[in-house]
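For reference, the structure discussed in these notes is given below.
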Amino acid sequence: MRRTRHLARVALVLLCAAAAASACSDSTAERLRAAGLAENCTINSDCNEPLICAFARCHSECSSTRDCPPGARCVQTDGGPGVCQLNDEVECESFSDCPAGQFCAVDNECRNPCSSNSECLGGQTCATSACADPEEVDLEGNLIGGADASTPPPDTGPPDSGAGTDGSMDASADTGTEASTDAAVDTGPDVVSCPVGFDSCGANPSACETDIRTVQNCGVCGNICESTNGTPACTSGQCGIQCTSGFGDCNAGPGCETFLTSDNDCGACGRTCQGLTCVGGACPLTVLLDQGSTIEHCEVAGTRIAYRVQGVDIRSIPLAGGSQTNLVQTLGSAGFTADGSTLFFADAPPTIRQAPLAGGVNTPFTSASVFPDFMVHDSSNVYWASAISIELSPKTAPSTLLFVAGTASNIRGLAAFGGTLYWTDDADGSTDGMVKRGPSTVLATDTEPRKIAGDSFAVYWTNQQPAPNGRVERFTLPSGPQTTLAAGDEPFDIAENAEFIYYTTESAVMRVRKDGSTPAIPIQIGSGFRWICGFDSAHIIYTTGGRIELLAK
């Protein structure tokens with residue numbers, strides 16, 4: 001039975017060959033052969049109409065086996081229409097004998113793999129992990145002609161109990177090492193290479209009957225994905241789990257075993273509340289300021305926080321809380337920076353000016369060649385930048401010194417540490433951004449680097465590509481390597497302290513270890529997060545809309 005369809009095809013060809021002068025010369029098979037059936041091809045136009053190119057040969061197109069000549073099966077192509085299987089594309093001994101996208105089924109015929117009827121062509125059914133026509137399937141739903149259906153398993157059990165000494169010797173010959181070898185050579189099915197996503201998990205090593213893309217067999221036979229307190233998933237042969245709300249997968253144990261309501265795992269694995277009490281999965285926070293208008297930039301400066309309100313005013317407020325102080329009115333969203341006592345800000349025509357951080361009269365600091373979008377400082381200098389150039393001036397002897405910005409075309413972030421300025425240039429915002437040191441030294445190339453921070457060991461920056469995920473990157477000084485510390489949610493602003501990198505997304509304030517040894521976790525969840533102002537001894541300070549909040553680090 002397992003060769004009925006194939007023998008019918010062969011018989012038709014032989015009959016026509018034996019009767020060259022008969023009506024066979026005008027048969028459908030002869031007409032198709034004359035039109036180029038089975039010839040080599042690369043694209044459809046290589047074949048005579050109405051044939052199409054599939055498996056690098058010309059075939060007749062079909063939607064079901066009814067569209068094919070008697071004895072031929074309609075099979076699926078990889079991403080294309082169905083085609084009528086050619087004679088020499090049917091029989092197989094191993095997976096490599098079959099065209100791409102097919103495998104050698106248990107009846108030793110090339111077929112499309114499947115795990116349900118919906119994956120087969122119309123009118124076909126999924127039987128023994130292979131697409132088959134109804135007449136090829138037995139009453140139990142198995143593929144007819146397979147080893148499972150027709151061949152009993154080899155006899156590997158104990159010898160007959162009535163055997164004496166000779167019987168024991170015979171049994172040894174039958175069931176011992178030699179018997180095992182004979183079974184493997186003479187009666188056992190060949191081990192085959194299964195198609196991607198399938199494996200042989202049953203008694204027949206050539207069956208390839210099991211889909212190993214499921215949570216019951218993930219990657220290998222019998223690998224069950226854990227589901228405790230969550231929804232299991234199997235992706236690319238690896239188990240994963242989507243934890244139920246309020247639970248986390250915080251250790252090497254199975255499933256989502258941790259309640260995210262403790263002071264050490266508050267809302268996320270490893271998030272501590274710095275000695276405060278976790279309430280409902282959230283650490284307590286202090287709202288330092290809620291003044292309605294959007295805050296566009298902020299910096300912790302000594303005992304105060306300086307911040308710009310919607311491109312109009314620069315103000316300050318004590319870290320301990322209290323009244324706002326209006327420092328200056330600014331020109332749009334011009335840059336500013338502040339140390340422990342002094343605010344530096346941009347003014348026309350352009351000029352850099354300074355004002356006491358606690359309030360008072362502002363005075364000129366130095367002239368500038370560009371009107372700055374960004375400003376930073378270190379212990380010695382004040383730095384400012386437009387989109388295409390960077391300047392600096394020493395604090396003690398104000399003067400304008402121009403950095404040669406080299407290939408700069410779209411500066412997006414500045415950071416000064418260790419006596420050196422670092423900056424990001426996302427060029428045209430596509431594929432040729434750079435992270436630089438000093439006037440023009442390129443440390444790394446990246447697609448769309450944004451805000452930047454660093455210490456004496458590494459430079460860190462956010463990147464909003466590839467959208468919509470983005471990345472947080474680390475470049476180890478002085479010469480690399482570059483490492484991705486975190487990904488997701490288009491990270492924007494970034495800051496660092498001794499142990500962690502903190503960054504903002506539209507929906508969270510995130511934290512990740514500088515060495516990347518643990519995954520990034522949210523330490524605050526909500527919306528509108530944008531700027532990280534800095535830190536005090538126990539808190540990270542950030543903005544969300546018109547609010548400034550202090551949250552335990």
Side-chain angles (χ1 to χ4, degrees), residues 1-114 119-124 127 130-136 143-146 190 192-196 206 208:
M1 293 179 65
R2 63 189 294 234
R3 292 289 182 269
T4 301
R5 186 185 299 275
H6 176 64
L7 292 175
R9 287 191 289 264
V10 174
L12 176 63
V13 174
L14 293 177
L15 181 61
C16 290
S22 70
C24 284
S25 60
D26 296 324
S27 67
T28 299
E30 288 295 333
R31 289 198 303 274
L32 289 174
R33 188 178 297 109
L37 187 68
E39 289 185 359
N40 295 333
C41 62
T42 303
I43 56 177
N44 288 340
S45 59
D46 291 339
C47 302
N48 296 330
E49 290 186 346
L51 303 180
I52 63 173
C53 187
F55 312 129
R57 300 171 72 188
C58 296
H59 290 71
S60 298
E61 187 173 353
C62 59
S63 297
S64 69
T65 296
R66 290 180 56 189
D67 300 329
C68 298
R73 179 190 304 117
C74 189
V75 295
Q76 292 172 290
T77 58
D78 188 11
V83 295
C84 296
Q85 208 170 19
L86 299 175
N87 250 0
D88 57 359
E89 294 175 340
V90 179
E91 283 195 344
C92 61
E93 295 297 331
S94 69
F95 176 53
S96 60
D97 295 334
C98 300
Q102 297 181 1
F103 79 115
C104 192
V106 295
D107 61 346
N108 290 102
E109 293 196 3
C110 293
R111 296 179 179 272
N112 296 118
C114 61
E119 298 179 38
C120 299
L121 292 169
Q124 293 184 340
C131 292
D133 292 316
E135 62 271 20
E136 299 176 310
L143 194 61
I144 296 174
D190 292 337
V192 299
S193 176
C194 293
V196 174
S206 64
C208 297

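One distance of note links CD of Gln76 with SG of Cys120; it measures 6.5 Å at 0.5 Å rounding. Atom CD of residue Glu89 and atom SG of residue Cys84 lie 10.5 Å apart, to the nearest 0.5 angstrom.
In this structure, Glu136 pairs ionically with Arg111, as a charged nitrogen and a carboxylate oxygen lie closer than 4.0 Å.
Remark: side-chain polar atoms of Asn108 are paired, donor with acceptor, to backbone N or O of Cys92 under 3.5 angstrom. Looking only at distances, a side-chain donor or acceptor of His59 sits under 3.5 Å from a matching main-chain atom of Ala54. In terms of modelled atom types and a separation under 3.5 Å, the side chain of Asp107 and the main chain of Glu109 share a donor-acceptor contact.
Using a 4.5 Å heavy-atom cutoff, the side chains of Leu86 and Phe55 are not in contact. Annotation: side chain of Glu61 is in contact with side chain of Pro81 (closest heavy-atom distance under 4.5 Å). Between Ile52 and Cys58 the shortest side-chain heavy-atom distance does not fall below 4.5 Å. In this structure, Asp88 and Arg57 have side chains that are in contact, with non-hydrogen atoms separated by less than 4.5 Å.
For the residue pair Ala72 and Thr65, the shortest heavy atom distance occurs at O-CG2, 3.3 Å. The shortest non-hydrogen separation linking Asp46 to Thr42 is OD2-N, 2.8 Å. Gln102 and Asn112 make their closest contact through CG-ND2, 3.6 Å (heavy atoms, listed as atom of the first residue, atom of the second, distance).
Under the 2.5 Å SG-SG cutoff, Cys41 and Cys53 qualify as a close cysteine pair. A distance below 2.5 Å between sulfur gamma atoms is met by Cys74 and Cys62. In this structure, Cys110 and Cys98 have their SG atoms less than 2.5 Å from one another.
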